[in-house]
Amino acid sequence: MALGPRLQEFPCTLAGVARTAPAEDDAALVERLRAGDEAAFTRVFDAYHALLVRLALGYVRNPSIAEEVAQDAWTAALDSLDSFEHRSSFKTWIVRITVNRAKTLAVREGRSTPYDPTERGDADDAHGPTIPPENFYSWGLWRTWPDRWTGTPEDLALRREVREAIEEGLAGLPPRQRTVVILRDVEGFSAEEVCNVLEVSESSQRVLLHRGRARMRETLERVLKEERRR
Amino acid sequence: MIMWCREATELMTDDMEGRLDASKSRAFRLHVALCPYCRAHRRQLETTIATLGRMPVEPSSDASRERALAEFRSKKKPPA
């Protein structure tokens, strides 16, 4: 398999953000994979595969195609292990391969808008207020006050209806917002790692994150309001 | 410089990411300190983020692991 530019590690240059050094065990992991250590592969597969399928699903919208994309990403990563230079973590690297493959496939199948090099992206990613203007008075003060939510995140995440609403909310986000929210807020990636995965600038990443989070806050607000009505 | 809720709510992520310049940051912090509604809104956002971080992950199926493992094993063999 040819090693296209998309498979290469993307050097993300962000002013003021130090590049993270490869984790000690990340280097060891890659060594073990190169040596054909099956236990190491099983461990890393179990740790990341579900995430890869989930990310791919944001672009291809079909669970069995998403599984294929993730499987292909493993194959591609194993094929190019020798050229992996630890410029990103292994996790960021395999996520990047997966997202690029899913994106390419989605564009080819016409399931998604093509990647926009101007970074304007999907219509939904455009600038504009994330809170409806009617929630504010014309001069900018809240007209409808935000509720005080009860329950800690731990409690919320245990409730089935909250989890279902979040899954639905994530599925309904435009692809790039979805990827950014999953990576940053669900998986705990750094801003720099997300820039690296999506090949976007830090400021674009931040806009996508803000818009995605705003929509997820609305989702949670809706489910909590419904609960209170019951 | 006076900042109102409409502007402050759109700067929540920029603030969390530490990307506001000094004067914007001052105005934002002053507003949030004085406005209980924007504090409530920010708490909602923080709760949203923290809840997302606690979402359980579905494990992969044995079939998909076996398939990947078979591929991994095949790569160990020298090319025919």
Side-chain angles (χ1 to χ4, degrees), chain A residues 33 36 38 41-42 45-46 49-51 53-54 67 70-71 74-75 78-79 81 129-131 133 135-137 139-142 145-149 151-154 156-158 162-163 166-167 170 181-182 184-188 191 202-203 206-207 209-211 213-214 216-217 219-221, chain B residues 1-21 27 31-32 34-79:
Chain A
L33 293 180
E38 286 183 20
F41 180 73
T42 305
F45 182 88
D46 284 347
H49 187 70
L51 168 64
V53 174
R54 188 176 207 197
E67 171 71 23
Q71 290 279 351
W74 286 110
T75 306
L78 293 175
D79 282 338
L81 260 188
T130 56
I131 300 172
N135 286 21
F136 298 102
Y137 290 109
W139 43 284
L141 187 72
W142 288 99
W145 299 333
D147 296 323
R148 267 173 217 290
W149 289 355
T152 62
E154 289 79 3
L156 292 173
L158 286 176
V162 170
R163 285 204 307 269
I166 285 182
E167 286 303 337
L170 284 172
V181 170
I182 290 176
R184 288 296 308 276
D185 293 342
V186 180
E187 289 292 320
E202 186 280 329
S203 61
R206 198 163 7 111
V207 169
L209 180 63
H210 182 65
R211 305 193 74 77
R213 279 176 176 173
M216 294 312 297
R217 187 203 62 80
T219 300
L220 213 45
E221 183 173 53
Chain B
M1 189 173 93
I2 292 180
M3 184 181 287
W4 291 110
C5 312
R6 185 167 40 205
E7 184 181 0
T9 51
E10 298 298 342
L11 297 178
M12 296 280 169
T13 303
D14 291 352
D15 175 62
M16 291 178 198
E17 301 276 285
R19 292 280 167 175
L20 289 177
D21 65 40
H31 177 88
V32 172
L34 296 175
C35 177
Y37 310 118
C38 283
R39 282 204 300 282
H41 178 78
R42 185 171 63 183
R43 262 196 302 276
Q44 288 185 355
L45 272 175
E46 287 165 352
T47 301
T48 304
I49 295 164
T51 306
L52 284 166
R54 284 168 178 77
M55 292 296 285
V57 183
E58 293 249 330
S60 307
S61 71
D62 291 343
S64 93
R65 187 186 311 104
E66 278 313 311
R67 183 177 154 193
L69 205 50
E71 182 75 22
F72 182 70
R73 285 186 191 117
S74 77
K75 302 222 176 282
K76 270 200 293 188
K77 290 179 195 142

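Only this structure's heavy atoms are used, side chains among them; waters, hydrogens and symmetry mates stay out. For clarity, every value in this text was computed on a predicted model and none was experimentally measured.
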Run the numbers on B/Met12 and A/Arg217 for side-chain contact (heavy atoms from CB on, under 4.5 Å), then give the verdict. CA-CA 12 Å; B/Met12 296 280 169; A/Arg217 187 203 62 80; over 6 Å; no

Intermediate values then yes/no, side-chain contact (heavy atoms from CB on, under 4.5 Å), A/Asp147 and B/Gln44: CA-CA 8 Å; A/Asp147 296 323; B/Gln44 288 185 355; 4.0 Å; yes

Derivation of the side-chain contact (heavy atoms from CB on, under 4.5 Å) call for B/Ile49 and A/Arg213: CA-CA 7 Å; B/Ile49 295 164; A/Arg213 279 176 176 173; 3.4 Å; yes

Full working for side-chain contact (heavy atoms from CB on, under 4.5 Å) between A/Trp142 and B/Cys38: CA-CA 8 Å; A/Trp142 288 99; B/Cys38 283; 3.3 Å; yes

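Contact annotation: the side chain of B/Lys75 approaches that of A/Thr75 to within less than 4.5 Å [non-hydrogen atoms, C-beta and beyond]. Using a 4.5 Å heavy-atom cutoff, the side chains of B/Arg19 and A/Glu202 are in contact. No side-chain heavy atom of B/Leu69 sits under 4.5 Å from any side-chain heavy atom of A/Phe45.
Put simply, of B/Glu10, B/Glu71, B/Arg39, the one with the most heavy-atom pairs under 4.5 Å next to chain A is B/Glu10. In terms of non-hydrogen atom pairs under 4.5 Å with chain B, the most contact-rich of A/Leu156, A/Leu51, A/Leu209, A/Asp46 is A/Asp46. The greatest number of non-hydrogen atom pairs below 4.5 Å with chain B, out of A/Gly36, A/Ala214, A/Ala70, is found for A/Gly36. The choice from B/Ser64, B/Pro59, B/Cys35, B/Ser61 that makes the most heavy-atom pairs within less than 4.5 Å of chain A is B/Ser64. Taking B/Ala68, B/Ala40, B/Ala50 one by one and counting their heavy-atom pairs under 4.5 Å with chain A, the maximum is reached by B/Ala68. Taking A/Gly151, A/Ala157, A/Pro146 one by one and counting their heavy-atom pairs under 4.5 Å with chain B, the maximum is reached by A/Pro146.
In this structure, the separation between CG on A/Leu220 and CG on B/Leu52 is 8.0 Å, given to the nearest 0.5 Å. How far OG1 of B/Thr48 is from CG of A/Asp185: 9.0 Å, rounded to the nearest 0.5 Å. With rounding to the nearest 0.5 angstrom, the OG1 atom of B/Thr51 is 9.5 Å from the CE atom of A/Met216. Expressed to the nearest 0.5 Å, how far CH2 of A/Trp74 lies from CZ of B/Arg67 amounts to 13.5 Å. If you take OH on A/Tyr137 and CZ on B/Arg6, they are separated by 12.5 Å, rounding to the nearest 0.5 Å.
For A/Leu33, the parts sitting under 4.5 Å from any heavy atom of chain B are the backbone and the side chain alike. Proximity to chain B involves both the backbone and the side chain of A/Ile131, based on heavy atoms less than 4.5 angstrom apart. Proximity to chain B (any heavy atom under 4.5 Å) is restricted, for A/Val181, to the side chain, taken from C-beta onward. Looking at B/Glu58, only its backbone comes within 4.5 Å of chain A, counting heavy atoms on both sides.
Annotation: A/Trp149, atom CH2; neighbour count of heavy atoms from other residues, nucleotides and ligands within 6.0 Å is above 12.
Ring-plane geometry between A/Trp145 and B/Tyr37 is classed as parallel, the angle between the planes falling under 30 degrees on a 0 to 90 degree scale with a further cut at 60.
Among all heavy-atom pairs drawn from B/Trp4 and A/Gly140, the shortest one is CB-O, 3.5 Å.
For B/Arg54, the side chain to side chain donor-acceptor pair (under 3.5 Å) partners are A/Glu154, not counting sequence neighbours.
Side-chain atoms of B/Thr13 and A/His210 form a donor-acceptor pair, as typed in the model, at a separation below 3.5 Å.
Under a 3.5 Å cut-off, the side chain of A/Glu38 and the backbone N or O of B/Arg73 do not form any donor-acceptor pair.
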